[in-house]
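Excluded from the calculations below are hydrogen atoms, water molecules and symmetry mates; all remaining heavy atoms, backbone and side chain alike, are included. Because the structure is predicted, anything quoted here is derived from the model rather than measured. Just so you know, residue 1 is the first one in the sequence shown, and it goes up from there.
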Amino acid sequence: MNILVVDDEKEIADLVELYLKNENYSVHKFYDAGDALKCIESVPLDLAILDVMMPDIDGFTICKIIREKHTFPVIMLTAKVEDMDKITGLTIGADDYITKPFNPLELIARVKAQIRRYTKYSGNDKQSDNIIDFSGLVINRKTHECTLFEKPLNLTPIEFSILWLLCENRGRVISSEEIFEKVWGEKYLDNNNTVMVHIRRLREKMNEPFKNPKFIKTVWGVGYKIEK
């Protein structure tokens with residue numbers, strides 16, 4: 001697998017290269033856009049990791065050039081957190097977006113997720129209906145297996161069902177009542193803390209911080225959701 005890495009911050013580019021090579025990827029690393037564009041034309045790439053902010057040609061422009069001829073996945077790296085930058089990147093054809101500073105293991109997980117999608121779950125592959133794969137979390141409804149950053153999560157059937165429901169409805173707030181009635185198949189009663197307890201156990205198993213969880217968010221007075 002050939003992966004393009006373009007970042008004018010040498011330390012970051014070198015770190016990404018190190019982690020990718022540890023996973024046996026062939027890395028084509030550049031600190032400027034000029035040489036990277038030559039590589040895009042001459043090397044059969046499987047994925048590109050592009051820094052947004054560069055002094056000569058920015059990552060958005062490189063992504064546009066890639067999309068003129070190629071369909072391989074593109075992951076954008078940026079020090080910015082503005083939603084408009086993310087929207088811009090995704091609109092011009094980027095597949096994923098990660099903000100600096102980042103956990104290298106999360107980046108590797110996202111690389112693998114994008115490659116899996118590109119090589120296995122595209123087109124009419126029915127397997128994709130049973131697999132949710134994003135941000136390092138992979139959950140397989142058919143095998144009842146779940147991994148986070150490639151480490152297995154030992155979930156009970158109830159925990160698995162709750163996580164699948166939230167993942168399947170990413171971006172939408174799901175009330176405790178809806179979770180309970182869909183997962184347990186029973187009528188929800190007021191003051192029922194069952195869902196809250198199971199959400200807490202899920203977060204513990206996912207090593208989620210209490211105050212600012214990355215995956216399962218609490219929308220106070222409404223329910224829970226997982227961001228897209």
Following the transitive rule for hydrophobic clusters with a side-chain heavy-atom cut-off under 4.5 Å over Ile, Leu, Val, Met, Phe, Trp and Tyr, establish whether [X] and [Y] coincide in one cluster.
X	Y	answer
Ile98	Leu18	no
Phe180	Met196	yes
Leu37	Met54	yes
Val43	Ile66	yes

If you define the side chain from C-beta out and look only at heavy atoms, does anything of [X] sit under 4.5 Å from [Y]?
X	Y	value
Val16	Pro104	no
Leu148	Asn207	no
Ile40	His70	yes
Phe215	Leu166	no
Leu77	Ile49	yes
Tyr224	Ile199	yes
Lys38	Asp35	yes
Val74	Leu47	no

Suppose we screen for salt bridge (Lys or Arg N to Asp or Glu O under 4.0 Å). Which residues come up paired with [X], at least two apart in sequence or across chains?
X	answer
Arg170	none
Lys69	Glu41
Glu17	Lys21, Lys29
Lys64	none

So, taking the atom named [atom1] in [X] and the one named [atom2] in [Y], what distance separates them when rounded to the nearest 0.5 Å?
X	Y	atom1	atom2	value
Ile108	Tyr19	CD1	OH	8.5 Å
Leu155	Cys146	CG	SG	5.0 Å
Ile179	Ile158	CD1	CD1	11.5 Å
Leu107	Asp96	CG	CG	9.0 Å
Ile65	Cys63	CD1	SG	10.0 Å
Ser26	Asn2	OG	CG	4.5 Å

Please confirm whether the backbone N or O of [Y] pairs with a side-chain atom of [X], one donor and one acceptor, at under 3.5 Å?
X	Y	result
Asp58	Thr61	yes
Asn130	Asn140	no
Arg110	Tyr97	yes

*Residue pairs passing the salt bridge (Lys or Arg N to Asp or Glu O under 4.0 Å) test where at least one lies in residues 198-210, sequence neighbours excluded*: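 Every pair satisfying salt bridge (Lys or Arg N to Asp or Glu O under 4.0 Å) with a residue in residues 198-210: Glu159-Lys205.
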
*asked:* I need the full list of salt bridge (Lys or Arg N to Asp or Glu O under 4.0 Å) pairs touching residues 211-220, with sequence neighbours left out, sorted by first then second residue.
replied: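 Sorted result for residues 211-220: Glu106-Lys214.
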
Under 3.5 Å, side-chain donor or acceptor atoms of residues 4-13 against the rest of the protein: list the pairs with distances, not counting sequence neighbours.
residue: Asp7; atom: OD1; partner: Glu9; partner atom: N; Å: 2.8
residue: Asp7; atom: OD2; partner: Lys100; partner atom: NZ; Å: 3.0
residue: Glu9; atom: OE2; partner: Lys100; partner atom: NZ; Å: 2.9
residue: Lys10; atom: NZ; partner: Asp14; partner atom: OD2; Å: 2.8

*May I have all residue pairs that pass ring-ring contact (aromatic ring centres under 6.0 Å, His included) and include part of residues 136-157, sequence neighbours excluded?*
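Residue pairs passing ring-ring contact (aromatic ring centres under 6.0 Å, His included), neighbours aside: His144-Phe160.
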
*In the hydrophobic clustering that connects Ile, Leu, Val, Met, Phe, Trp and Tyr at side-chain heavy-atom distances below 4.5 Å, which members other than Trp220 occupy its cluster, ordered by chain and number?*
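Answer for Trp220: none, a lone residue.
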
*For Val197, what are the other residues in its hydrophobic cluster, where any two members join if their side-chain heavy atoms are less than 4.5 angstrom apart?*
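Its cluster partners, ordered by chain and number, are none at all.
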
*Does Glu227 come within less than 4.0 Å of Arg172, counting only side-chain N to carboxylate O?*
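Salt bridge flag = no for Arg172 with Glu227.
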
*asked:* Salt bridge or not between Lys112 and Asp46? Use side-chain N to carboxylate O under 4.0 Å.
replied: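 A salt bridge is absent here (no side-chain N lies under 4.0 Å from a carboxylate O).
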
*Please name all residues satisfying ring pair (Phe, Tyr, Trp, His ring centres under 6.0 Å) with His198, sequence neighbours left out, ordered by chain then number.*
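Testing His198 for ring pair (Phe, Tyr, Trp, His ring centres under 6.0 Å), a comparison that skips the adjacent residues, returns Trp184.
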
_Holding to ring pair (Phe, Tyr, Trp, His ring centres under 6.0 Å), I want the full list of residues that pass it with Tyr25, two or more places apart in sequence or in another chain._
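Tyr25 satisfies ring pair (Phe, Tyr, Trp, His ring centres under 6.0 Å) with no other residue.
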
*asked:* Does atom CG (Asp56) have a neighbourhood of more than 12 heavy atoms from anything else shown, all under 6.0 Å?
replied: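 Correct, the count exceeds 12.
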
